[in-house]
2 protein chains.
Amino acid sequence: MDGSPVNSSGSTKERILGAAELLFAQRGFEGASLRQLTAAAGVNLAAVNYHFGSKDKLVEEVFRRRLDALNESRLVALAKVAGAPGTTLEDVLEAYIRPALELSHDNSGALFMRVLARAFAEHDDSLRQFLSTNYGHVMRQFTAEFARLLPQLSKPELYWRIDLVTGALTHAMSGFGMIQRKSDVSEHAHREQTVQHLVRFAVAGLSHP
Amino acid sequence: MDGSPVNSSGSTKERILGAAELLFAQRGFEGASLRQLTAAAGVNLAAVNYHFGSKDKLVEEVFRRRLDALNESRLVALAKVAGAPGTTLEDVLEAYIRPALELSHDNSGALFMRVLARAFAEHDDSLRQFLSTNYGHVMRQFTAEFARLLPQLSKPELYWRIDLVTGALTHAMSGFGMIQRKSDVSEHAHREQTVQHLVRFAVAGLSHP
DNA sequence: CGTATGCTCAAACGATCGTTTGAACCGGCC
DNA sequence: GGCCGGTTCAAACGATCGTTTGAGCATACG
């Protein structure tokens, strides 16, 4: 009753990470067992503890593999517009949204957004602390830029709205990947359209009177 | 290392449901074991299977106990404003938001919103089908009223925005209950302020050009 | 050749999981 | 008293969990 025993190509570590991404998205961190996981990856059961040390470390590595590149892209995009006089709210939000959308372009990236949404909903302390200590500076930089562009909002008010917008975006992007799209729209055009969709929604949620 | 063995008062079934709400919110459906659960409730391990049949049925009952009342309140509030000529988007959104906020006023209700957010993030098929078949008509009625008040939006566009707003609201309300508030604001005034906050955000997200 | 080193393997470890069992207890009713 | 339906109890069931073990295999270097 487990998933198909088909293994992807690549090294043992990469096959484990790929299978973990899929099963964590489908059944959660506690619901996916190492036996299902290694069977799906086509590797031996002991390979997880050999290469990663423990299941918890594997979970961290699943996040690290994607978030290192994702948040780096976000910071690079933010640096191009932050602090400049003509920068708009749209520019900053696009710097936050577009890298995530490009990540969820391929199948495994979209699965990771599901995993991220799960971690967002779970209030697990150890996982939240891992994400906060390793990637907290990213959200801090974006928050500072939001504060600069929305000076009329009090700090509590701004944090409230950022929290709401972040929740909406995380939820929305966790639903990607499984969407059947009309064939007459090119991949690129559709992604561009989705970015504008999310950006406009976020602008409305952040800057409404 | 488990939670304190303090049991709440009430019947065995109610004690189990209360402990389940707490532990499901903290550790998830798979992460919370029946042994932790019954120990926290102060009842025998076999009581769960005796009163509910299985762990899965217990999960369904945790939802049913809260959602029956919550969605009934929402429909009653919606019926008071739906279809009327002077009804605004604010009225409809308030009918959706206020009952949930009143539920999360007490501690156990706030815990349930966490459980609901978890179910929202998990893409578990059986649980989604349970929620859809039992409470799908509620969201369908609200969607119909949104469509009436936002005729300029295409159907896909409307569904997109409702999905984004629902994700934001679910995430926001899952964070309640643990918030320390300044003592100079009354409980009622704070809730009223929060309702207006969420309503205004949702209006902006739904009706932006 | 011998021998390190990095990796994979089947097998087993103890712990914990959801569920079931059968005896014990309880109030109310004949 | 005797009995009975509803409930609680300790104990055990087989299954599955994360992790560890030690032998086996391959490749590289002296």
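Just so it is clear: chains get the letters A, B, ... in the order the sequence lines come, proteins before strands, and each one is counted from 1.
Applying the side-chain hydrogen bond (donor to acceptor under 3.5 Å, both in side chains) criterion to A:R65, with sequence neighbours excluded, gives A:E21. Legend: residues meeting salt bridge (Lys or Arg N to Asp or Glu O under 4.0 Å) with A:R200, ordered by chain and number and at least two apart, are absent. In terms of the side-chain hydrogen bond (donor to acceptor under 3.5 Å, both in side chains) criterion, residue partners of B:E94 (sequence neighbours excluded) are, by chain and number, B:R98. Legend: residues meeting ring-ring contact (aromatic ring centres under 6.0 Å, His included) with A:F120, ordered by chain and number and at least two apart, are B:H171. With sequence neighbours excluded, no residue satisfies ring-ring contact (aromatic ring centres under 6.0 Å, His included) with A:H137. Applying the ring-ring contact (aromatic ring centres under 6.0 Å, His included) rule to A:Y135 yields no partners; only residues at least two apart in sequence or on another chain are considered. Partners of A:F130 according to the ring-ring contact (aromatic ring centres under 6.0 Å, His included) rule, which considers only residues two or more places apart in sequence or in another chain, do not exist here.
Sorted by residue number, the members of residues 46-54 of chain B with any non-hydrogen atom under 4.0 Å from DNA chain C read B:A46, B:N49, B:S54.
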Starting from the C-alpha separation in whole Å, work towards a yes-or-no answer on side-chain hydrogen bond (donor to acceptor under 3.5 Å, both in side chains) for A:S126 and A:D124. CA-CA 6 Å; A:S126 64; A:D124 180 84; 2.8 Å; yes
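Sorted pairs that involve residues 44-64 of chain B and meet side-chain hydrogen bond (donor to acceptor under 3.5 Å, both in side chains), not counting sequence neighbours, are lacking altogether. Sorted by first and then second residue, the salt bridge (charged side-chain N to carboxylate O under 4.0 Å, His left out) pairs involving residues 156-167 of chain B (not counting sequence neighbours) are B:E157-B:R161.
For B:T12 and D:dT7, the shortest distance from a side-chain N or O to OP1 or OP2 is not below 4.0 Å.
Rounded to whole Å, the distance from CG on A:N44 to P on C:dC9 is 5 Å. The separation between A:K57 atom NZ and D:dG18 atom C1' is 14 Å, rounded to whole Å. The interatomic distance linking A:I16 (CD1) with D:dG18 (C1') rounds to 14 Å, in whole Å.
Remark: DNA chain D forms stems of 3 or more consecutive Watson-Crick or G-U wobble pairs, all pair distances under 3.5 Å, at C:1-26 with D:5-30.
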Atom pairs, protein N/O to nucleotides 12-17 of chain C N/O, distance under 3.5 Å:
from: C:dC17; atom 1: OP1; to: B:S33; atom 2: OG; distance (Å): 3.0

